[in-house]
Amino acid sequence: MKKLLTHFILSLIIVTSVMGQNKAHNPIIFADVPDPSIIRVGDTYYMSSTTMHMNPGVPIMKSDDLVNWKLISYAYDTLEAKDELNLEGGKNMYGRGSWASSMRYHNDTFYVSTFSSTTGKTYIFSTKNPEKNSWKRIEFQPSYHDHSIFFDDDGKIYMIWAAGRLNIAELKSDFSGVKEGTERVLIENASAPAGDNIMLNAEGSQLFKVNGKYYLFNITWPHGGMRTVIIHRADSIYGPWEGRIGLQDLGVAQGGLINTPDGKWFSYLFRDYGGVGRIPYLVPVKWEDGWPVLGENGKVPEYLDLPGNKSLIPNIVASDDFKRKKHEADLPLVWQWNHNPNNTLWSVRERKGYLRLKTGRVDTSFVEARNTLTQRTFGPESAGTILLDVSHMKEGDFAGLCLLQKQFGLVGVKYENNSKKIVMVSAANHVKELQSVPLNQGQVYLKAECNYRDRMDEGKFYYSLDGKSWNPIGEPVKLPYTLPHFMGYRFGLFNYATKNIGGYVDFDYFHITD
């Protein structure tokens with residue numbers, strides 16, 4: 001009997017495991033894809049997201065199942081060429097750049113809008129084909145915070161924006177700005193359904209129309225509570241609006257509604273999850289008395305009635321051997337630069353099969369240096385490895401592999417006093433070199449590992465002289481999510497000068513693993 005019971009329990013565990021593998025699980029993407037805006041065109045889904053100070057900006061992703069996503073384009077290469085965007089004059093746009101985007105589809109055209117407090121402008125991008133065509137750009141002032149674009153059935157186009165006290169206005173038909181005299185208060189206090197002790201006023205507006213009713217989604221955060229979904233509904237776009245709490249669980253919030261071709265409804269949201277960033281979740285939706293009811297008994301489920309998750313590699317992050325054919329783009333979409341790059345100081349063509357980063361100015365710190373090339377880190381665990389040729393560095397140069405955030409960690413090669421050394425640097429409390437090892441050869445292997453399992457938020461660094469035997473260097477570092485950067489940690493390839501310009505390094509490859 002005992003053997004039969006044991007066998008039954010083991011069988012149940014195996015069956016449950018197999019069932020779990022065949023179903024989607026939350027988070028949908030265990031990587032920094034914040035402020036999602038999702039649309040469905042036919043049986044295909046499209047999503048835009050936020051990338052702050054990274055360029056190109058506003059990533060556009062595509063999915064056939066709402067679960068597995070692939071990068072297909074960006075709305076822009078660069079916003080502008082101001083000092084803040086170029087990391088010049090001691091200025092930067094860390095944690096700012098462009099924020100929460102709104103994605104829509106209307107009259108066979110895709111629209112993505114965003115805003116930037118750095119430039120003080122609102123931007124609207126459009127294209128007929130987000131995979132094959134470039135995005136047309138329109139910009140106007142001012143910068144409308146956390147806005148949502150909405151195309152109504154009567155042909156009018158609206159923009160909703162702001163926090164707490166939400167505003168609405170009609171847009172001009174050519175998207176060149178709001179129509180004069182149409183701006184008004186939409187909801188006086190959108191946070192009210194969550195009480196009067198609010199830490200984060202309702203923002204992140206996303207507006208939908210279902211069966212003739214208007215539904216407005218926002219995020220708010222009561223003191224002593226958690227991030228909360230607020231839903232308002234109305235029969236007219238100008239109200240009156242009635243509101244209620246849509247979801248309070250795990251801090252999963254901010255997003256909107258999406259349905260599948262076969263009639264299932266979901267709410268797409270995200271969760272702040274420490275150093276890895278803000279990660280997307282899907283929550284099932286049922287309709288009761290004209291309201292979308294989120295979750296299963298008010299909870300975010302672990303598994304969903306959708307196809308199973310596949311690896312984020314290579315559609316969201318990917319290894320790169322830097323080998324390019326003539327017709328191929330210099331950089332795949334998985335790469336983004338920290339701030340605007342200087343395109344005269346990098347190449348994947350000058351030395352076949354290598355990324356070359358050159359120095360063109362003197363910098364005093366790592367976070368001020370231009371041309372750091374980045375990809376997302378991801379959970380629950382991930383690692384990035386490079387092979388770096390340091391033969392052509394100059395005195396004062398510093399190059400290597402980083403985990404980029406305000407409290408960054410990195411491993412690299414410094415050229416000081418006519419000799420090279422491998423160093424590990426931590427910016428936990430202040431920037432400090434924790435260990436150095438002499439380097440007496442022209443190339444070195446470097447590795448950075450991230451562990452986000454159960455919010456451990458820990459990074460470790462290694463070096464190797466032969467690519468086989470790895471040595472830890474420095475100390476494990478904490479990887480906290482900080483608001484000044486407002487982004488999950490990124491793997492980054494960097495090279496900058498502190499004394500003389502004109503040196504360069506060559507990256508043979510970047511290999512990413514989970």
Side-chain angles (χ1 to χ4, degrees), residues 26 34-38 49-50 99-103 115 144-150 158-169 184-211 213-259 265-272 278-301:
N26 277 314
D35 306 326
S37 182
I38 299 179
S49 180
T50 294
W99 281 10
S101 58
S102 172
M103 192 170 195
F115 68 100
Y144 288 108
H145 175 81
D146 270 19
H147 68 252
S148 176
I149 287 183
F150 181 75
Y158 295 94
M159 181 171 281
I160 297 98
W161 73 93
R165 188 188 199 207
L166 303 181
N167 299 317
I168 187 172
R184 59 189 289 181
V185 175
L186 183 69
I187 300 175
E188 185 66 39
N189 179 12
S191 312
D196 56 8
N197 189 18
I198 300 297
M199 181 168 65
L200 174 72
N201 281 316
E203 60 180 13
S205 294
Q206 294 199 36
L207 182 64
F208 307 88
K209 194 173 188 179
V210 182
N211 294 330
K213 284 187 180 288
Y214 299 85
Y215 297 89
L216 182 65
F217 275 60
N218 292 98
I219 180 176
T220 193
W221 192 353
H223 278 285
M226 67 178 71
R227 294 168 179 83
T228 300
V229 177
I230 297 294
I231 304 173
H232 284 84
R233 74 174 183 181
D235 293 321
S236 163
I237 195 165
Y238 289 117
W241 293 86
E242 54 179 329
R244 69 190 214 177
I245 290 175
L247 183 70
Q248 271 186 331
D249 187 42
L250 302 177
V252 173
Q254 189 166 337
L257 288 170
I258 193 72
N259 65 347
W265 283 87
F266 294 90
S267 181
Y268 56 86
L269 305 161
F270 71 78
R271 181 184 185 187
D272 290 72
R278 297 180 288 168
I279 58 180
Y281 276 64
L282 285 176
V283 176
V285 171
K286 292 180 180 178
W287 291 88
E288 295 179 3
D289 300 323
W291 285 97
V293 178
L294 277 57
E296 295 178 355
N297 298 317
K299 299 295 182 182
V300 176

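The basis for the numbers below is simple: all heavy atoms, side chains too, and nothing from hydrogens, waters or symmetry mates.
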**Request:** Show your reasoning for whether side chain to side chain contact (heavy atoms under 4.5 Å, CB included) applies to His145 and Trp99.
**Result:** CA-CA 8 Å; His145 175 81; Trp99 281 10; 3.7 Å; yes

**Message:** Between Trp265 and Tyr215, is the ring-ring contact (aromatic ring centres under 6.0 Å, His included) condition met? List the steps.
**Reply:** CA-CA 14 Å; Trp265 283 87; Tyr215 297 89; 8.8 Å; no

**Prompt:** Can you check side chain to side chain contact (heavy atoms under 4.5 Å, CB included) on Val283 and Val229, steps first, answer last?
**Reply:** CA-CA 12 Å; Val283 176; Val229 177; over 6 Å; no

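Ser102 places a side-chain N or O within 3.5 Å of a backbone atom of Ile149 that can act as its donor or acceptor partner. Between the side chain of Asp146 and the backbone N or O of Ala162, no donor-acceptor pair lies under 3.5 Å. Counting only distance, with no hydrogens or angles, the side chain of Ser267 and the backbone of Gly256 share a donor-acceptor pair below 3.5 Å.
Between Ile237 and Tyr158 the shortest side-chain heavy-atom distance falls below 4.5 Å. The shortest distance between side-chain heavy atoms of Leu294 and Ile231 falls below 4.5 Å. Residues Trp241 and Leu186 meet the side-chain proximity criterion, which asks for heavy atoms closer than 4.5 Å. Two residues are said to be in side-chain contact when any heavy atoms from C-beta on lie closer than 4.5 Å; Tyr214 and Phe150 meet this criterion. Using a 4.5 Å heavy-atom cutoff, the side chains of Ser101 and Ser49 are not in contact. Between Ile38 and Phe266 there is no side-chain heavy-atom pair separated by less than 4.5 Å. Within the 4.5 Å cutoff, the side chain of Pro292 has no heavy atoms near those of the Phe208 side chain. Counting only heavy atoms from C-beta outward, the side chains of Ser205 and Leu166 approach each other to under 4.5 Å.
In this structure, Met226 CE and Met199 CE are separated by 11.5 Å, a value rounded to the nearest 0.5 Å. In this structure, the separation between CD1 on Ile230 and OG1 on Thr220 is 6.0 Å, given to the nearest 0.5 Å. Between Arg278 atom CZ and Thr50 atom OG1 the span is 6.0 Å, to the nearest 0.5 Å. Between Tyr144 atom OH and Asn167 atom CG the span is 9.0 Å, to the nearest 0.5 Å. Once rounded to the nearest 0.5 Å, the distance linking CG of Asn201 with CD of Glu203 reads 8.0 Å. Here the straight-line distance linking atom CD of Gln206 with atom NE2 of His147 works out to 10.5 Å at 0.5 Å rounding.
When every heavy atom of Ala234 is checked against every heavy atom of Pro240, the shortest pair comes out as CB-O, 3.3 Å. Residues Ile168 and Tyr238 share a closest heavy-atom pair of CG2-CE2, 3.8 Å. The minimum heavy-atom distance between Tyr281 and Ile279, with the atom names listed, is CD1-O, 3.4 Å. Annotation for Arg233 and Asp289: closest pair NH1-O, 2.9 Å, computed over non-hydrogen atoms. Across all non-hydrogen atoms, the minimal contact from Glu242 to Trp291 is O-CH2, 3.4 Å. When all heavy atoms of Ser191 and Ala202 are compared, the pair lying nearest together is OG-N, 2.8 Å.
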Could you pull out every donor-acceptor pair under 3.5 Å between side chains of residues 243-255 and any protein atom, sequence neighbours left out?
| from | atom 1 | to | atom 2 | distance (Å) |
| --- | --- | --- | --- | --- |
| Gln248 | NE2 | Thr228 | OG1 | 3.0 |
| Asp249 | OD2 | Val300 | N | 2.7 |
| Gln254 | NE2 | Asp35 | OD1 | 3.1 |

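Within a 6.0 Å radius of NZ in Lys213, other residues, nucleotides and ligands contribute more than 12 heavy atoms. More than 12 non-hydrogen atoms from other residues, nucleotides or ligands lie less than 6.0 angstrom from CG of Asn197.
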